[in-house]
Asker: 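Mind having a look at this structure? Questions to follow.
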Amino acid sequence: MRIRTAAPLALAAATALAGSLLATAPASAASHQGGLHLGKIQYDSPGTDTRSNTSLNAEYVDIHNNGTSKLQLKGYRLKDDTGYTYTFPSVTVAAGKTVRVHTGKGTSSGAHVYWNRGSYVWNNTGDKARLIKPSGALLDSCSWSKGTGVKVCH
């Protein structure tokens, strides 16, 4: 009989604990954010960091438009903890689409833009990406510590 009465109490305690853990989950654990936001970040390009343009371009940040209309990104900025800043030129991202910001050099197209840097931006041991509106207001941010080299923000 004690087992029967203890089981509901244990179940109630476990449910209460799980509920409190879910209620205090960090904002970075959010599922898919609506509107314009940071998506996947490849902060450590695969292989050895050779500073070749191929390696630099394998380091990137995806900016995703999960809204219902296209957005003009001109004047938006992407910034790291050190202060390196990429300012978007006239680039439109369609509803439901992504634009990828590569660190290295290249010719920009609708889905790919290039920072045109000769060195890496994102620190492999930890950093924070910020997406900033033309007004200067923070729209989204995503941070990481040393890990797999990839961070999925939302």
Asker: Could you measure the distance from the NE2 atom of H64 to the CZ atom of R100? Nearest 0.5 Å is fine.
Answerer: 12.5 Å

Asker: Is there a donor in the side chain of T54 and an acceptor in the side chain of S52, or the other way round, less than 3.5 Å apart?
Answerer: no

Asker: Anything under 30° is parallel, anything over 60° is perpendicular, the rest tilted; go ahead and classify H102 against H112.
Answerer: parallel

Asker: State, with a plain yes or no, whether a side-chain heavy atom of D140 is found less than 4.5 Å away from one of I132.
Answerer: no

Asker: Look at the side chain of N65 and the backbone N and O of S69, then say whether any donor-acceptor pair between them is shorter than 3.5 Å.
Answerer: yes

Asker: Between H154 and H37, how do the two ring planes meet: parallel, tilted or perpendicular, split at 30° and 60°?
Answerer: perpendicular

Asker: Taking the six-membered ring for Trp, are the ring centroids of Y86 and Y84 within less than 6.0 Å of each other?
Answerer: no

Asker: Grouping I, L, V, M, F, W and Y whenever their side-chain heavy atoms are under 4.5 Å apart, do L36 and V101 come out in a common cluster?
Answerer: yes

Asker: Could you walk me through whether V121 and T82 pass the side-chain contact (heavy atoms from CB on, under 4.5 Å) check?
Answerer: CA-CA 9 Å; V121 172; T82 308; over 6 Å; no

Asker: For the backbone of G35 and the side chain of N66, can you confirm whether one donor and one acceptor N or O come within less than 3.5 Å of each other?
Answerer: no

Asker: Looking only at heavy atoms, what is the nearest atom pair of Y43 and V150, with distance?
Answerer: CE2-N, 3.5 Å

Asker: Under 4.5 Å between side-chain heavy atoms, hopping through other hydrophobics if needed: is there a path connecting V61 to L71?
Answerer: yes

Asker: Start with the C-alpha distance between W144 and D127, add both sets of side-chain angles, then the distance that settles side-chain contact (heavy atoms from CB on, under 4.5 Å), and finish with yes or no.
Answerer: CA-CA 6 Å; W144 61 89; D127 209 336; 3.3 Å; yes

Asker: In the single-linkage hydrophobic clustering (I, L, V, M, F, W, Y; side-chain heavy atoms under 4.5 Å), do I41 and L131 co-cluster?
Answerer: yes

Asker: Are D81 and R130 within salt-bridge range, i.e. N to O under 4.0 Å?
Answerer: yes

Asker: Can you tell me how far the CZ atom of R77 sits from the OG1 atom of T85, to the nearest 0.5 Å?
Answerer: 6.5 Å

Asker: Kindly give the heavy-atom pair with the smallest separation between K151 and S143, and that separation in Å.
Answerer: CE-O, 3.4 Å

Asker: With no hydrogens and no angle check, just 3.5 Å: does a side-chain donor-acceptor pair link D49 and N124?
Answerer: yes

Asker: May I ask you to test the K74-P134 pair for a side-chain heavy-atom distance under 4.5 Å?
Answerer: no

Asker: With hydrophobic residues grouped by side-chain heavy-atom distances under 4.5 Å, do L56 and Y114 end up in a single group?
Answerer: no

Asker: Just checking, is any N or O donor in the side chain of T87 or Y76 under 3.5 Å from an acceptor N or O on the other one?
Answerer: no

Asker: The test is side-chain contact (heavy atoms from CB on, under 4.5 Å); show your working for C142 and K128 and say whether it passes.
Answerer: CA-CA 6 Å; C142 183; K128 183 175 187 176; over 6 Å; no

Asker: Using modelled atom types only, decide if a donor and an acceptor are shared between the side chain of N53 and the backbone of K105 within a distance under 3.5 Å.
Answerer: yes

Asker: Are Y120 and L78 connected in a single hydrophobic cluster, I mean Ile/Leu/Val/Met/Phe/Trp/Tyr linked by side-chain heavy atoms less than 4.5 Å apart?
Answerer: no

Asker: Side chains of E59 and T103 only: does a donor on one sit below 3.5 Å from an acceptor on the other?
Answerer: yes

Asker: Which atom pair, heavy atoms only, marks the closest approach of F88 to V99?
Answerer: CE2-CG1, 4.3 Å

Asker: Is a side-chain donor or acceptor of S135 paired with a backbone partner of K133 at a separation under 3.5 angstrom?
Answerer: no

Asker: Is the shortest side-chain N to carboxylate O distance from K40 to D62 below 4.0 Å?
Answerer: no

